[in-house]
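One structure is given below, encoded as structure tokens.
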Amino acid sequence: MAVLKVKFTKTKRDKLAQILWILNWVSVVSGIVLFSLGLFLKIEIKKRNEVMAKGDINSVPNMLISVGVIACVVNFLGGKICYDCSDANKFSRWKLIMLPYIICTFCFTFCILLGALMCYTMRNELEESLYLGLRDAIKFYKDTDIPGRCFLKKTVDMLQIGFQCCGNNGFRDWFEVQWVSARYLNMASKEVMDRFKSNVDGKFLVDGVPFSCCNPSSPRPCIQYQLTNNSAHYNYDFLTEELNIWLKGCREALLDYYTAIMRSIGIAALLIWLFELSVLIGVRYLQTAMKNVLLRGDLQGESDGWLLENSFVETAKYNINIIKNLGKANQISTVSGMNDPNINVQNTNCGKSNITAKSIPAAS
């Protein structure tokens with residue numbers, strides 16, 4: 001029994017073909033939208049790849065870009081097919097192509113759904129990439145005179161100012177690294193040398209943060225050094241007073257920024273997937289209706305259209321049996337080829353025979 005069978009008249013088939021022709025062109029625009037969203041996400045990631053560790057974080061934008069390009073090509077072809085389906089004579093040249101086209105389009109719409117879901121599953125990979133990248137960027141913040149690292153100070157400072165954040169997880173991350181280059185330290189100073197000697201790794205560690213961590217909205221002048229020393233500042237209590245530096249870590253700030261972008265892209269991709277799926281269903285109805293018209297031979301009469309010619313269970317069993325039979329046929333041909341005694345046997349009687357043929361005695 002056919003699934004969701006619908007009866008189409010000649011007028012309904014023509015209207016369906018015209019509507020699908022328009023919708024396929026709308027789908028071309030949706031493919032351009034997918035391509036643009038993927039390209040936008042790729043550019044946004046590339047802007048801050050200096051504070052990201054290498055990984056598979058570009059898989060989502062690459063998927064969206066690829067699907068967008070395929071959508072333009074597939075829907076352009078679909079528009080041409082639907083336009084020709086308004087004429088039964090023109091449909092005959094697409095008759096053998098439409099079913100493979102529908103199967104390929106179904107796989108393509110599944111890729112759109114996959115891309116939309118990947119937008120929501122990318123958060124963990126992105127968080128790990130940001131954590132490792134920001135950790136190294138803060139570690140090499142002081143290396144302004146080393147090629148390949150000299151840009152990191154500006155990158156981190158602009159990042160902290162732009163996203164109103166400080167450190168990787170928070171401002172205390174700056175307490176654990178030497179972020180002031182030795183070329184700007186007075187090695188003759190006893191205080192500087194004592195700090196070097198007090199650290200096991202021989203680093204100049206201070207309870208301070210770079211200027212880019214300062215919050216300009218704070219009424220008090222920025223306190224960026226000796227943050228934990230209450231006696232170093234007038235009317236100051238480190239434990240109770242709200243600090244005038246950014247408290248949020250840059251990893252959290254960037255993660256929230258990219259998560260909001262990917263959530264919006266994911267919603268857009270899901271809507272496009274639903275639209276593409278509805279167009280595909282319409283094309284399937286048009287294909288079956290036109291096929292039945294040609295089988296009946298009455299081009300002006302009614303015809304049935306459906307999603308599946310048989311029920312879901314029967315269709316699944318049929319396809320599984322086809323796959324099993326293909327596997328068995330391949331296995332039998334392989335085994336018979338291995339056991340065939342006539343294979344690779346040399347013919348020892350290739351030339352003319354030198355044996356004299358005996359004459360046949362005549363009947364008496």
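Summarising the local packing, CZ of Phe151 is surrounded by more than 12 heavy atoms from other residues, nucleotides or ligands at distances under 6.0 Å. The number of heavy-atom neighbours closer than 6.0 Å to NZ of Lys190, taken from other residues, nucleotides and ligands shown, is 12 or below. Atom CD of Glu127 sits in a crowded spot, with more than 12 heavy atoms from other residues, nucleotides or ligands closer than 6.0 Å. The 12-atom threshold is not exceeded at CE of Met158, counting heavy atoms of other residues, nucleotides or ligands nearer than 6.0 Å. Surrounding NZ of Lys42 are more than 12 heavy atoms belonging to other residues, nucleotides or ligands, all under 6.0 Å away.
The two residues Val28 and Cys72 come nearest to each other via the heavy atoms O-SG, 3.6 Å. Looking at every heavy atom in both residues, Leu255 comes nearest to Thr259 through O-OG1, 2.5 Å. Nearest approach of Ile223 to Arg220, heavy atoms of both residues: CD1-NE, 3.5 Å. In terms of heavy-atom proximity, Gly68 sits nearest to Leu34 at CA-CB, 3.9 Å. What you find for Phe204 and Val206 is that their closest heavy atoms are CE2-CG1, 3.6 Å. Nearest heavy atoms, Asn244 versus Pro221: ND2-O, 2.7 Å.
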- Query: Hey, mind stepping through Leu159 and Leu254 against side chain to side chain contact (heavy atoms under 4.5 Å, CB included) and telling me if it holds?
  - Reply: CA-CA 9 Å; Leu159 178 68; Leu254 283 172; 3.8 Å; yes
- Query: Where do Val180 and Lys142 land on the side chain to side chain contact (heavy atoms under 4.5 Å, CB included) test, with the steps shown first?
  - Reply: CA-CA 5 Å; Val180 180; Lys142 68 180 188 309; 5.9 Å; no
- Decide disulfide (SG to SG under 2.5 Å) for Cys250 and Cys166; before the verdict, give the C-alpha distance in whole Å, the side-chain angles of both, and the deciding distance to 0.1 Å. CA-CA 6 Å; Cys250 290; Cys166 185; over 6 Å; no
- Quick one: do Phe163 and Trp246 satisfy ring pair (Phe, Tyr, Trp, His ring centres under 6.0 Å)? Show the steps, please. CA-CA 10 Å; Phe163 284 86; Trp246 304 118; over 10 Å; no
- Task: For Phe171 and Leu247, run side chain to side chain contact (heavy atoms under 4.5 Å, CB included): C-alpha distance rounded to whole Å, both residues' side-chain angles, the deciding distance at 0.1 Å, then the answer.
- Result: CA-CA 6 Å; Phe171 67 92; Leu247 300 180; 4.0 Å; yes
- Query: For Tyr285 and Leu16, what are the C-alpha separation, side-chain angles and deciding distance, and is it a side chain to side chain contact (heavy atoms under 4.5 Å, CB included)?
  - Reply: CA-CA 9 Å; Tyr285 273 115; Leu16 179 60; 4.3 Å; yes
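Between the CZ atom of Arg263 and the CZ atom of Arg123 there is a distance of 7.5 Å, given to the nearest 0.5 Å. Atom CE in Met122 sits 9.5 Å away from atom CD1 in Ile265 (nearest 0.5 Å). Thr9 contributes atom OG1, which lies 5.5 Å from atom NZ of Lys12 (distance to the nearest 0.5 angstrom). We find the CE-OG1 distance between Met118 and Thr121 to be 6.0 Å, quoted to the nearest 0.5 Å. To the nearest 0.5 Å, atom CG of residue Leu280 and atom CG of residue Asn24 are 10.0 Å apart. For the atom pair Leu64 CG and Cys111 SG, the distance stands at 11.0 Å (nearest 0.5 Å).
Not a single donor-acceptor pair under 3.5 Å links the side chain of Gln226 to the backbone N or O of Ala232. With hydrogens and angles disregarded, no donor-acceptor distance shorter than 3.5 Å links the side chain of Ser129 to the backbone of Glu125. Not a single donor-acceptor pair under 3.5 Å links the side chain of Ser181 to the backbone N or O of Tyr184. A donor-acceptor pair under 3.5 Å links the side-chain atoms of Asp173 to the main chain of Asn168, judged by distance alone. Checked by atom type and distance alone, the side chain of Ser218 never pairs as donor or acceptor with a backbone atom of Cys214 at under 3.5 Å. Side chain of Ser27 to main chain of Asn75: no donor-acceptor pair is present (N/O by atom type, distance under 3.5 Å, no hydrogens or angles). Glu252 places no side-chain N or O within 3.5 Å of a backbone atom of Asn169 that could act as its donor or acceptor partner.
Leu113 and Met262 fall within the same hydrophobic cluster, where Ile, Leu, Val, Met, Phe, Trp and Tyr residues are linked whenever their side-chain heavy atoms come under 4.5 Å apart, directly or through other members. Note on Met63 and Phe40: same hydrophobic cluster, where clusters join Ile, Leu, Val, Met, Phe, Trp and Tyr whose side-chain heavy atoms are under 4.5 Å apart, directly or indirectly. Note on Ile70: it does not cluster hydrophobically with Ile32, by side-chain heavy-atom contacts below 4.5 Å among ILVMFWY residues. Grouping the Ile, Leu, Val, Met, Phe, Trp and Tyr side chains by contacts below 4.5 angstrom, directly or via other members, places Val26 with Ile81. Linking ILVMFWY residues whenever their side-chain heavy atoms come closer than 4.5 Å, directly or via other members, places Ile97 and Val74 in the same cluster.
Remark: the Tyr141 side chain and the Asp157 side chain contain an N/O donor-acceptor pair separated by less than 3.5 Å. Inspection of the Tyr83 and Gln18 side chains reveals no N or O donor paired with an N or O acceptor under 3.5 Å. Between the side chains of Glu276 and Thr109, not a single donor N or O lies within less than 3.5 Å of an accepting N or O.
For the pair Ile146 and Phe140, the minimum side-chain heavy-atom distance is 4.5 Å or more. The shortest distance between side-chain heavy atoms of Phe211 and Cys222 does not fall below 4.5 Å. A heavy-atom distance below 4.5 Å is found between the side chains of Trp25 and Phe76. Looking only at side-chain heavy atoms (C-beta outward), Met52 and Leu126 come within less than 4.5 Å of each other. Leu227 is listed as a side-chain neighbour of Ile245, based on a closest heavy-atom distance under 4.5 Å. Using a 4.5 Å cut-off on side-chain heavy atoms (C-beta onward), Tyr101 and Thr105 make contact. At a threshold of 4.5 Å between non-hydrogen side-chain atoms, the residues His233 and Asn229 do not count as touching. Proximity of Asp207 to Trp174: side-chain heavy atoms (C-beta onward) are nowhere separated by under 4.5 Å.
In this structure, Arg251 fails the cation-pi test against Tyr131, since its NZ or CZ atom is not both closer than 6.0 Å to the six-membered ring centre and inside 45 degrees of the ring normal.
Checked options Leu41, Ile45, Leu37; the residue passing with Ile261 is Leu41 (criterion: side-chain contact (heavy atoms from CB on, under 4.5 Å)).
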